[in-house]
Amino acid sequence: QVQLVESGGGLVQAGGSLRLSCSASSSGRPFSEYAMGWFRQAPGKEREFVAAISRNGKSTVYADSVKGRFTISRDNAKNTVYLQINSLKREDTAIYYCAADRTAIDGWASRGPNVYDYWGQGTQVTVSS
């Protein structure tokens, strides 16, 4: 069991930057044994994959729409995963969710939302033009 709380969202001008954080509180299983992912959902659209990171932080995957602009990272000592967002576009406006996958194998991270077991409440990112 792990509880996830996102923070760092807000209103930002197009072209600006933002860093989202996801703080994890786990019971029993250590945070380092979860692969972590970021997803987002814009108004009127379905939830979409953004980025994911393996348990040890050595492997990352990104959606094509954010590759080169977004960076996912984690600090297992702080039980936290981050999403650095640069060069924000209007189409990045969405609620951003972090998620934890308790069954992930070392060195792997998944794009599929159905493999994730726990989800945070989300943090709103709004990009103005």
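Bear in mind that the values here come from a model prediction, so they are computed numbers and not experimental data. We number each residue from 1, following the sequence as shown.
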If you take all heavy atoms of Trp38 and Ile72, which pair is closest and at what distance? CD1-CD1, 3.5 Å

Which of parallel (below 30°), tilted (30 to 60°) and perpendicular (above 60°) describes Tyr96 and Phe70? tilted

Nearest-0.5 Å distance that lies between atom [atom1] in [X] and atom [atom2] in [Y]:
| X | Y | atom1 | atom2 | result |
| --- | --- | --- | --- | --- |
| Met36 | Thr60 | CE | OG1 | 14.5 Å |
| Leu83 | Tyr62 | CG | OH | 7.5 Å |
| Asp117 | Gln1 | CG | CD | 10.0 Å |
| Ser65 | Glu91 | OG | CD | 9.0 Å |

Mark yes or no for whether [X], through its side chain, and [Y], through its backbone, hold a donor-acceptor pair below 3.5 Å.
| X | Y | value |
| --- | --- | --- |
| Arg69 | Ser87 | yes |
| Thr93 | Val127 | yes |
| Gln124 | Gly9 | no |
| Ser54 | Ala35 | no |

What donor-acceptor contacts under 3.5 angstrom involve side-chain atoms of residues 44-53, with partners at least two apart or in another chain?
| residue | atom | partner | partner atom | Å |
| --- | --- | --- | --- | --- |
| Glu48 | OE2 | Arg40 | NE | 2.6 |
| Glu48 | OE2 | Arg40 | NH2 | 3.2 |

Please check if Leu88 and Ile95 belong to a single hydrophobic cluster, counting links between Ile, Leu, Val, Met, Phe, Trp and Tyr side chain heavy atoms closer than 4.5 Å. no

Under 4.5 Å between side-chain heavy atoms, hopping through other hydrophobics if needed: is there a path connecting Tyr97 to Val125? no

Selection residues 57-89 - residue pairs positive for disulfide (SG to SG under 2.5 Å), sequence neighbours left out: none

Give me each pair satisfying disulfide (SG to SG under 2.5 Å) with a member in residues 41-78, each pair once, sequence neighbours excluded. none

Does any non-hydrogen side-chain atom of [Y] lie less than 4.5 Å from one of [X]?
| X | Y | answer |
| --- | --- | --- |
| Gln121 | Val5 | yes |
| Arg102 | Glu33 | no |
| Arg74 | Asn76 | yes |
| Trp119 | Leu4 | no |

Can you confirm whether the side chains of Ser73 and Asp75 place a donor and an acceptor under 3.5 Å from each other? no

Can you list, by chain and residue number, the hydrophobic cluster partners of Tyr82 when the side-chain cut-off is 4.5 Å? none

Using a strict 4.0 Å threshold on nitrogen-to-oxygen distance, state whether Asp106 and Lys58 make a salt bridge. no

Ring pair (Phe, Tyr, Trp, His ring centres under 6.0 Å) partners for Tyr116, two or more places apart: Phe39

Identify every side-chain donor-acceptor pair in residues 11-28 under 3.5 Å, counting partners at least two apart or on other chains, and give the distances.
| residue | atom | partner | partner atom | Å |
| --- | --- | --- | --- | --- |
| Gln13 | OE1 | Ser128 | OG | 3.1 |
| Ser17 | OG | Asn86 | OD1 | 3.0 |
| Ser26 | OG | Arg29 | O | 3.1 |

Run the numbers on Trp108 and Arg55 for side-chain contact (heavy atoms from CB on, under 4.5 Å), then give the verdict. CA-CA 8 Å; Trp108 292 87; Arg55 290 163 57 174; over 6 Å; no

